[in-house]
Number of protein chains: 2
Amino acid sequence: MTKNPNQYFSKTLEKGLSVLSLFGREHPSRSLTEISILTGINKTSTYRLVNTLVQLGYLRKSVNDKSLRLGPKAFLMGHECFHGFDIYQGIKPIIDKTFFEHHISIDSALIDGFKLISLYRREMPNLVSFHLPLIMDELYARAMGKIILANLAKADLDQYFSILKPVKLTPDTLVDLDEIKADIQETKTRGYSINNKEYIPGIISIGAPMMNYQTRTVAGAVSLDFPAREYSLAAIERQYIAILLKLASEASELITTAGI
Amino acid sequence: MTKNPNQYFSKTLEKGLSVLSLFGREHPSRSLTEISILTGINKTSTYRLVNTLVQLGYLRKSVNDKSLRLGPKAFLMGHECFHGFDIYQGIKPIIDKTFFEHHISIDSALIDGFKLISLYRREMPNLVSFHLPLIMDELYARAMGKIILANLAKADLDQYFSILKPVKLTPDTLVDLDEIKADIQETKTRGYSINNKEYIPGIISIGAPMMNYQTRTVAGAVSLDFPAREYSLAAIERQYIAILLKLASEASELITTAGI
DNA sequence: AATGTTTGTTACTATTATAGTAATTTAATG
DNA sequence: CATTAAATTACTATAATAGTAACAAACATT
């Protein structure tokens, strides 16, 4: 055991990255004080970090109003980090193949903390196109979230429920804690998860886990999404479970190899 | 003037980012010592930075061989930095419009130091599909590079030539310094640049600058690329210069507004 | 299995970088 | 022009990092 584990953790780097990750599609421009407040870093230190990022080209500063935006270096690094992520490169052909074979909408995500990180997605035109965020909190209301919860260690699951504040996203969203717990229990025995219009009205999804077979832990999930107009839940379960599980097992192989 | 400007630059953050940017499509996996050598940071500090990145989820460490790969957080940040880059979002519709109107291959890039950073690209099927790197050094051999050089301040251009070591990429690449200088001079008076099979055999390109009209500096360039089989240089100059310049002026408006 | 070799991890400080307060400048607003 | 807010700089105590060197673990070779 290390005597002082903190010695091998760079707080400055953590802060610098927390500054950089405040920028994105939703927030293309921010001010120094805004950054200082959001990160909780005092103004001078924020200034130092921002200044560094500007000098390195990760941010750029407007000459007029001093507002900050992403710079070319961030774009470049973004490209590399996105396309250089092996799991993304690995899951793409797997999902594409299933998509072209069966003509269904497919989604995939990794779990990070108790958040879903959207990985790769293919959508059929019959699905009301909805713009999903990259990070999602609502594990309890999504097929991918439910199957992940069902595969979590008991301690983790308990912790999740201890902090969970369910929100009624659609008329069908489960918000009663006991109901949600029962649903997860059922999901566990079933082996796949069902989201019956609980996240987005009119959309039914089924989900299966991406498992690391080596460590026997969940790393993420895949889901198949259907418009409720055209598909009944019964029909979906009859026709698509096998496809879902096959997809999930291929994804799990990938995860296991990659060691997520 | 600041007394000690270094006070407002975080070396730790710089190092941390230099570690992270060693990863990408070409280098999905690296070892600690490799990182230490490539960055020039001593092993203990590298260990600290890597450890930090692992703990934050930007990197992940293989349990078997301790090799390092990009983690979910890097993927996430990559996505945000890529799609949150306003210039990218701005240039896309401009290039798409021209692409669909005239059915020609179009490329765009920003300049960073003396390197081209690939921005957005649309390709016709008649062009031999070549996989371009994200960063390119060969300004002297590309249409986008030439027009950028032609618009550089004299001091910068001199510096560029003082370090330039031209490489014969195709039979038509100019490698004689004086010839290259003359070509840049000609480009300057012409107002657009010509790359006559100098970068890739069989491909002719014309380029125009993306100017910041406010600061009167070049921020990047756009180019139109043609297969030499189907188009003669004369035909291209007759038909496509107006289109190129219109495209470049639209892009310049964007750049000026964005303040690059 | 024992050996040497490489790579990764930890202990230990001197040195340096950063945090934080407060003052100052610059810009924005009425 | 006055007022307020935001950004930048000066200054220094404190905490974080760099760097050396020792140690452990993994790997290859004999």
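Predicted model only: the values in this text are computed from it and were never measured. First the proteins, then the strands, lettered A, B, ... as listed; each starts at 1.
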Would one find more than 12 heavy atoms of other residues, nucleotides or ligands at under 6.0 Å from atom CD of B/Gln214?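 Not buried by this count: 12 neighbours or fewer within 6.0 Å.
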Could you tell me how far apart [X] ([atom1]) and [N] ([atom2]) are, to the nearest whole angstrom?
X       : N      : atom1 : atom2 : answer
A/Tyr47 : C/dT25 : OH    : C1'   : 11 Å
A/Asn51 : D/dA7  : CG    : C1'   : 11 Å
B/Ile35 : C/dT7  : CD1   : P     : 13 Å
B/Leu68 : C/dT7  : CG    : P     : 14 Å
A/Asp65 : C/dT26 : CG    : P     : 18 Å
A/Arg30 : D/dA7  : CZ    : C1'   : 18 Å
B/Leu32 : C/dT9  : CG    : C1'   : 9 Å
B/Lys61 : D/dA25 : NZ    : C1'   : 13 Å

A/Phe161 ring centre to A/Lys181 NZ or CZ under 6.0 Å, with the angle to the axis within 45°?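 The answer is yes; both the distance and angle limits are met.
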So, A/Asp158 and A/Lys154, do they make that salt bridge, N to O below 4.0 Å?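 Yes, A/Asp158 and A/Lys154 are salt-bridged.
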Electrostatic pair B/Arg142:B/Asp107 at N-O distance under 4.0 angstrom: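 Answer for the salt bridge query: yes.
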Any donor-acceptor pair under 3.5 Å from A/Ser252 side chain to A/Ala248 backbone: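 Yes, A/Ser252 side chain to A/Ala248 backbone: donor-acceptor pair under 3.5 Å.
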Are any side-chain N or O atoms of A/Ser193 and backbone N or O atoms of A/Ala143, one a donor and one an acceptor, separated by less than 3.5 Å?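 Present.
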Going by the angle between their ring planes, with limits at 30° and 60°, are B/Tyr88 and B/Phe82 parallel, tilted or perpendicular?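 Rings of B/Tyr88 and B/Phe82: tilted, 30 to 60°.
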What nitrogen or oxygen pairs link the protein and nucleotides 15-23 of chain C at under 3.5 Å?
unit_1	atom_1	unit_2	atom_2	d
C/dA17	OP1	B/Lys11	NZ	2.7
C/dT18	OP1	B/Ser10	OG	3.0
C/dT18	OP1	B/Thr12	OG1	3.4
C/dT18	OP2	B/Phe9	O	3.4
C/dA19	OP1	A/Lys15	NZ	2.6
C/dA19	OP2	A/Ser45	OG	2.9
C/dA19	OP2	A/Arg48	NH1	3.0
C/dA19	O5'	A/Ser45	OG	3.3
C/dA19	N7	A/Arg48	NH2	3.2
C/dG20	OP2	A/Asn42	ND2	3.4
C/dT21	O4	A/Thr44	OG1	2.7

Identified side-chain contact (heavy atoms from CB on, under 4.5 Å) counterpart of A/Met210 within the set A/Val218, A/Ile255, A/Ile260, A/Ile111: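 With A/Met210 as partner, side-chain contact (heavy atoms from CB on, under 4.5 Å) holds for just one option, A/Ile255.
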Using the C1' atoms of the five pairs at each end, what is the angle between the end axes of the helix from C/dA1-D/dT30 to C/dG30-D/dC1, to 10°?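 That helix gives 60° between its end axes.
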Going by salt bridge (Lys or Arg N to Asp or Glu O under 4.0 Å), name the pairs with one or both residues in residues 42-71 of chain B, residues two or more places apart or in two chains.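 Salt bridge (Lys or Arg N to Asp or Glu O under 4.0 Å) check on residues 42-71 of chain B returns A/Asp86-B/Arg60, A/Asp86-B/Arg69.
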